[in-house]
Peer 1: 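Structure below; questions to follow.
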Amino acid sequence: MAATAVFSYITIVPILLWFFLWFRGCTSYTLLETVCAYGYSLSVYIPISMLWIIHIEFLRYFLVILGAFLSGSVLVISFSPVVKSDPSSSFKSSYFILLLIIALHALVAFFFLFYFF
């Protein structure tokens, strides 16, 4: 179940993001680069998941917020130039896409915490 959830997230979300950016005419990454960016952004959860074994709730919540911040910042840094290269972009739409990326990544982080630990 855990592998299905992780692999679904790192394939479906990047494919939808890549298709949306391609449809908007952005100078986007390739599909493989987009999937790799999502996969590498989740690598921070490997050491964090080992620390989630400690049964201190405050520590668990702190680690999930730290992991979501670190992995979300990797995605925002890598996708902000692509989103800003949208030829028909306005200020609101480009930052809405980045906020959507952060929100989905934060939801996955809390899903990891509540479902698996």
Side-chain angles (χ1 to χ4, degrees):
M1 181 72 169
T4 303
V6 171
F7 288 128
S8 297
Y9 177 74
I10 64 171
T11 55
I12 293 171
V13 173
I15 289 171
L16 292 175
L17 178 66
W18 175 80
F19 181 74
F20 178 75
L21 293 174
W22 173 78
F23 182 74
R24 298 277 299 204
C26 298
T27 55
S28 179
Y29 295 135
T30 64
L31 179 60
L32 182 63
E33 290 170 336
T34 306
V35 171
C36 286
Y38 266 81
Y40 284 124
S41 71
L42 291 178
S43 67
V44 73
Y45 290 109
I46 295 170
I48 287 176
S49 66
M50 292 178 192
L51 293 173
W52 277 341
I53 296 172
I54 303 170
H55 291 289
I56 301 173
E57 289 299 316
F58 173 75
L59 179 65
R60 285 183 173 182
Y61 284 110
F62 175 74
L63 289 173
V64 77
I65 291 170
L66 180 69
F69 175 75
L70 290 175
S71 62
S73 64
V74 166
L75 290 175
V76 168
I77 289 170
S78 63
F79 284 109
S80 63
V82 175
V83 169
K84 290 179 183 178
S85 73
D86 189 353
S88 62
S89 174
S90 66
F91 179 77
K92 290 181 184 178
S93 67
S94 63
Y95 285 103
F96 175 73
I97 294 169
L98 293 176
L99 286 175
L100 184 64
I101 289 172
I102 292 172
L104 287 175
H105 220 62
L107 284 174
V108 165
F110 281 101
F111 174 77
F112 288 162
L113 179 66
F114 291 125
Y115 191 72
F116 299 124
F117 290 97

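Not measured: the values here are computed from a predicted model.
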Peer 1: Answer yes or no: is there a side-chain heavy-atom contact under 4.5 Å between Tyr61 and Phe110?
Peer 2: yes

Peer 1: Ignoring hydrogens, what is the shortest heavy-atom contact between Ser41 and Val44? Give both atom names and the distance.
Peer 2: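 Between these two residues, the closest heavy atoms are O-CG1, 3.8 Å.
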
Peer 1: In Å and rounded to the nearest 0.5 Å, what is the CG to CD1 distance from Leu51 to Ile56?
Peer 2: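 Taking CG in Leu51 and CD1 in Ile56, the distance rounds to 10.5 Å.
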
Peer 1: Could you give the distance from CD1 (Ile97) to CG (Leu17), rounded to the nearest 0.5 Å?
Peer 2: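 Output value for this atom pair is 7.5 Å.
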
Peer 1: Are Ile65 and Ile101 connected, step by step, through hydrophobic side chains (Ile, Leu, Val, Met, Phe, Trp, Tyr) whose heavy atoms are closer than 4.5 Å?
Peer 2: yes

Peer 1: Within a 6.0 Å radius of atom OH on Tyr40, are there more than 12 heavy atoms belonging to other residues, nucleotides or ligands?
Peer 2: no

Peer 1: Let me check something: do Val35 and Phe20 share a hydrophobic cluster, defined by ILVMFWY side-chain heavy atoms less than 4.5 Å apart, either directly or through other members?
Peer 2: no

Peer 1: Rounded to the nearest 0.5 Å, what separation is found between the OG1 atom of Thr34 and the CZ atom of Phe19?
Peer 2: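 Answer for the OG1-CZ pair, Thr34 versus Phe19, is 13.5 Å.
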
Peer 1: I need the Leu59 CG to Leu66 CG distance, nearest 0.5 Å.
Peer 2: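 One finds 10.0 Å between CG of Leu59 and CG of Leu66.
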
Peer 1: Given the rule that I, L, V, M, F, W and Y join up when any side-chain heavy atoms are under 4.5 Å apart, are Leu98 and Val13 in one cluster?
Peer 2: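 Both belong to a single hydrophobic cluster.
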
Peer 1: Can you name the nearest heavy-atom pair linking Phe111 to Ala5, along with the distance?
Peer 2: CE2-CB, 3.8 Å

Peer 1: Donor-acceptor check, side chain of Arg60 to backbone of His55, threshold 3.5 angstrom: yes or no?
Peer 2: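 No: the side chain of Arg60 does not pair with the backbone of His55.
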
Peer 1: For atom CZ of Phe62, is the number of surrounding heavy atoms from other residues, nucleotides or ligands below 6.0 Å larger than 12?
Peer 2: no

Peer 1: Same cluster for Tyr9 and Trp52 if Ile/Leu/Val/Met/Phe/Trp/Tyr side chains link at under 4.5 Å?
Peer 2: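 Shared cluster, yes.
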
Peer 1: Any side-chain heavy-atom pair from Pro14 and Leu31 closer than 4.5 angstrom?
Peer 2: no

Peer 1: Between Val74 and Val83, is there a shared hydrophobic cluster once you connect ILVMFWY residues whose side-chain heavy atoms come closer than 4.5 Å?
Peer 2: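 Each belongs to a different hydrophobic cluster.
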
Peer 1: Mind checking the CG-CG spacing from Leu104 to Leu100? Nearest 0.5 Å is all I need.
Peer 2: 4.5 Å

Peer 1: Is any side-chain heavy atom of Tyr38 closer than 4.5 Å to one of Phe79?
Peer 2: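 A side-chain contact exists here, since the closest heavy-atom pair is under 4.5 Å.
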
Peer 1: Of all heavy-atom pairs between Ala68 and Ala106, which one has the smallest distance, and what is that distance?
Peer 2: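 For Ala68 and Ala106, the tightest heavy-atom pair comes out as CB-CA, 4.3 Å.
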
Peer 1: Under 4.5 Å between any side-chain heavy atoms of Phe69 and Ile102, yes or no?
Peer 2: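 No, side chains not in contact.
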
Peer 1: Let me confirm one number: the CG-CG distance from Leu75 to Leu42, rounded to the nearest 0.5 Å.
Peer 2: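 Between atom CG of Leu75 and atom CG of Leu42 there are 7.5 Å.
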
Peer 1: If I compare all heavy atoms of Pro81 with all of Ser78, which pair ends up nearest, and what's the gap?
Peer 2: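 Taking every non-hydrogen atom into account, CD-O, 3.8 Å.
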
Peer 1: Does any non-hydrogen side-chain atom of Val64 lie less than 4.5 Å from one of Ile48?
Peer 2: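 They are not in side-chain contact.
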
Peer 1: For Tyr45, check ring-ring contact (aromatic ring centres under 6.0 Å, His included) against everything at least two apart and list the hits.
Peer 2: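 Per chain and number, Tyr45 pairs via ring-ring contact (aromatic ring centres under 6.0 Å, His included) with Phe112.
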
